[in-house]
Amino acid sequence: QVQLVESGGGLVQSGGSLRLSCAASGSIFSNNPMAWYRQSPGKQREFVASISSGSSTNYAVSVKGRFTISRDNAKNTVYLEMNSLKPGGAAVYYCHHPPQSWGQGTQGTVSS
């Protein structure tokens, strides 16, 4: 069973940065793609970024150029570096290990 534990959320001002981490256990991490999603209050969970086992990346249009997903296979960890954050309240960021494993989420809040 895959277990995912996110960390790194917090409160940041508009224009600031946050770095999220997701530590995985219970799978051959290096063989698997990983992804980040987010969910704001009252909205559906949405895709943010993904990274393949070969470290190819894909981003939602809304974050491209500002967010960077990366992975450290030696640490079984995937990261999401978020820069130039825009005000918009709080969102919970979830780590996803396809096909069906999700972390508990970590909240990021951007104040204006």
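The figures here come from the full heavy-atom set of this structure, side chains too, leaving out hydrogens, waters and symmetry mates. All of these numbers come straight from a predicted model, not from anything done at the bench. Note that the numbering runs from 1 along the sequence shown for the chain.
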K.L.:
For Arg19, which residues count as a salt bridge (charged side-chain N to carboxylate O under 4.0 Å, His left out) partner, sequence neighbours excluded?
P.N.:
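Listed in chain order: Glu81.
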
K.L.:
Is any side-chain heavy atom of Leu80 closer than 4.5 Å to a side-chain heavy atom of Val48?
P.N.:
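Counting from C-beta outward, Leu80 and Val48 do come under 4.5 Å.
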
K.L.:
What are the two closest non-hydrogen atoms of Gln104 and Val5, and how far apart are they?
P.N.:
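Residues Gln104 and Val5, closest heavy atoms: OE1-CA, 3.8 Å.
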
K.L.:
Would you check, one step at a time, whether the test side chain to side chain contact (heavy atoms under 4.5 Å, CB included) holds for Leu20 with Thr106?
P.N.:
CA-CA 8 Å; Leu20 308 182; Thr106 185; 4.0 Å; yes

K.L.:
Kindly indicate whether the side chain of Leu85, heavy atoms from C-beta on, has any atom under 4.5 Å from the side chain of Phe67.
P.N.:
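A side-chain contact exists here, since the closest heavy-atom pair is under 4.5 Å.
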
K.L.:
Considering all heavy atoms of both residues, which atom of Ser111 and which atom of Leu11 are nearest to each other, and what is their separation?
P.N.:
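Heavy atoms of Ser111 and Leu11 come nearest at CB-CD1, 4.2 Å.
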
K.L.:
Would you name the heavy atoms of Ser40 and Ala91 that are closest together and state the gap between them?
P.N.:
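Heavy-atom minimum between the residues: OG-CB, 3.7 Å.
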
K.L.:
Do Arg66 and Tyr59 form a cation-pi contact, if we require the NZ or CZ to be under 6.0 Å from the six-membered ring centre and within 45 degrees of the ring's axis?
P.N.:
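No cation-pi geometry.
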
K.L.:
Centroid-to-centroid, Tyr37 to Phe47, below 6.0 Å?
P.N.:
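Yes, the ring centres sit under 6.0 Å apart.
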
K.L.:
According to side chain to side chain donor-acceptor pair (under 3.5 Å), who are the partners of His96, at least two apart in sequence or on a separate chain?
P.N.:
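His96 satisfies side chain to side chain donor-acceptor pair (under 3.5 Å) with no residue once adjacent residues are dropped.
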
K.L.:
Within a strict 4.5 Å, meaning less than it, do heavy atoms of the Glu6 and Ser21 side chains meet?
P.N.:
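Result no, sub-4.5 Å side-chain heavy-atom pair not found.
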
K.L.:
Enumerate the residue pairs fulfilling disulfide bond (SG atoms under 2.5 Å apart) with a member in residues 39-90, sequence neighbours excluded, ordered by first and then second residue.
P.N.:
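Qualifying pairs: none.
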
K.L.:
Name all pairs fulfilling the salt bridge (charged side-chain N to carboxylate O under 4.0 Å, His left out) condition that reach into residues 40-62, sequence neighbours left out, sorted by first residue then second.
P.N.:
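Of all non-adjacent pairs touching residues 40-62, those that pass salt bridge (charged side-chain N to carboxylate O under 4.0 Å, His left out) are Arg38-Glu46.
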
K.L.:
Does Asp72 have any side chain to side chain donor-acceptor pair (under 3.5 Å) partners at least two apart in sequence or in another chain, and if so, which?
P.N.:
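Asp72 satisfies side chain to side chain donor-acceptor pair (under 3.5 Å) with no other residue.
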
K.L.:
Looking only at heavy atoms, what is the nearest atom pair of Asn32 and Ser27, with distance?
P.N.:
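Shortest heavy-atom contact: ND2-OG, 4.1 Å.
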
K.L.:
Mind checking side chain to side chain donor-acceptor pair (under 3.5 Å) for Ser17 and listing every partner two or more places apart, or none if nothing turns up?
P.N.:
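Side chain to side chain donor-acceptor pair (under 3.5 Å) check on Ser17 returns Asn83.
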
K.L.:
Side-chain contact test, heavy atoms from C-beta onward, threshold under 4.5 Å: evaluate it for His97 versus Met34 and give yes or no.
P.N.:
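SC-SC contact between His97 and Met34 confirmed.
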
K.L.:
Please, which pairs that meet salt bridge (charged side-chain N to carboxylate O under 4.0 Å, His left out) have at least one residue in residues 95-109, sequence neighbours excluded?
P.N.:
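Of all non-adjacent pairs touching residues 95-109, none passes salt bridge (charged side-chain N to carboxylate O under 4.0 Å, His left out).
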
K.L.:
Can you run down the salt bridge (charged side-chain N to carboxylate O under 4.0 Å, His left out) pairs that involve residues 86-112, sequence neighbours left out, and say none if there aren't any?
P.N.:
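Salt bridge (charged side-chain N to carboxylate O under 4.0 Å, His left out) check on residues 86-112 returns no pairs.
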
K.L.:
I need the full list of disulfide bond (SG atoms under 2.5 Å apart) pairs touching residues 80-112, with sequence neighbours left out, sorted by first then second residue.
P.N.:
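Listed by first then second residue: Cys22-Cys95.
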
K.L.:
Would you give the length of the straight line joining atom CZ of Arg71 to atom CD1 of Ile51, rounded to the nearest 0.5 angstrom?
P.N.:
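The CZ atom of Arg71 sits 5.5 Å away from the CD1 atom of Ile51.
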
K.L.:
Assess the residue pair Phe29 and Thr77 against the criterion (side chain to side chain contact (heavy atoms under 4.5 Å, CB included)); give the C-alpha distance rounded to whole Å, side-chain angles, the decisive distance to 0.1 Å, and a yes or no.
P.N.:
CA-CA 8 Å; Phe29 179 80; Thr77 300; 5.6 Å; no

K.L.:
Say whether, by atom type as modelled, one donor and one acceptor occur between the side chain of Ser84 and the main chain of Gly15 under 3.5 angstrom.
P.N.:
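Here the side-chain-to-backbone pair does not exist.
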
K.L.:
Which residues pass the side-chain contact (heavy atoms from CB on, under 4.5 Å) test with Ser14, not counting sequence neighbours?
P.N.:
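So Ser14 forms a side-chain contact (heavy atoms from CB on, under 4.5 Å) with Pro87, Val110.
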
K.L.:
Between Tyr93 and Val63, is there a shared hydrophobic cluster once you connect ILVMFWY residues whose side-chain heavy atoms come closer than 4.5 Å?
P.N.:
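Yes.
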
K.L.:
Rounded to the nearest 0.5 Å, what separates atom OH in Tyr94 from atom CG in Leu4?
P.N.:
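So the gap between those two atoms works out to 13.0 Å.
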
K.L.:
Testing the basics here: between Val2 and Ser101, what is the closest heavy-atom pair and its distance to 0.1 Å?
P.N.:
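Between these two residues, the closest heavy atoms are CB-OG, 3.4 Å.
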
K.L.:
How far apart are the closest heavy atoms of Ile69 and Ser50, and which atoms are they?
P.N.:
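Between these two residues, the closest heavy atoms are CG2-O, 3.5 Å.
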
K.L.:
For residues 97-112, pull every pair meeting salt bridge (charged side-chain N to carboxylate O under 4.0 Å, His left out), keeping only residues two or more places apart or in separate chains.
P.N.:
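Output for this query is empty, none listed.
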
K.L.:
For Ser30, give me all partners under side chain to side chain donor-acceptor pair (under 3.5 Å), at least two apart in sequence or on another chain.
P.N.:
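By the side chain to side chain donor-acceptor pair (under 3.5 Å) rule, Ser30 matches no residue at all.
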
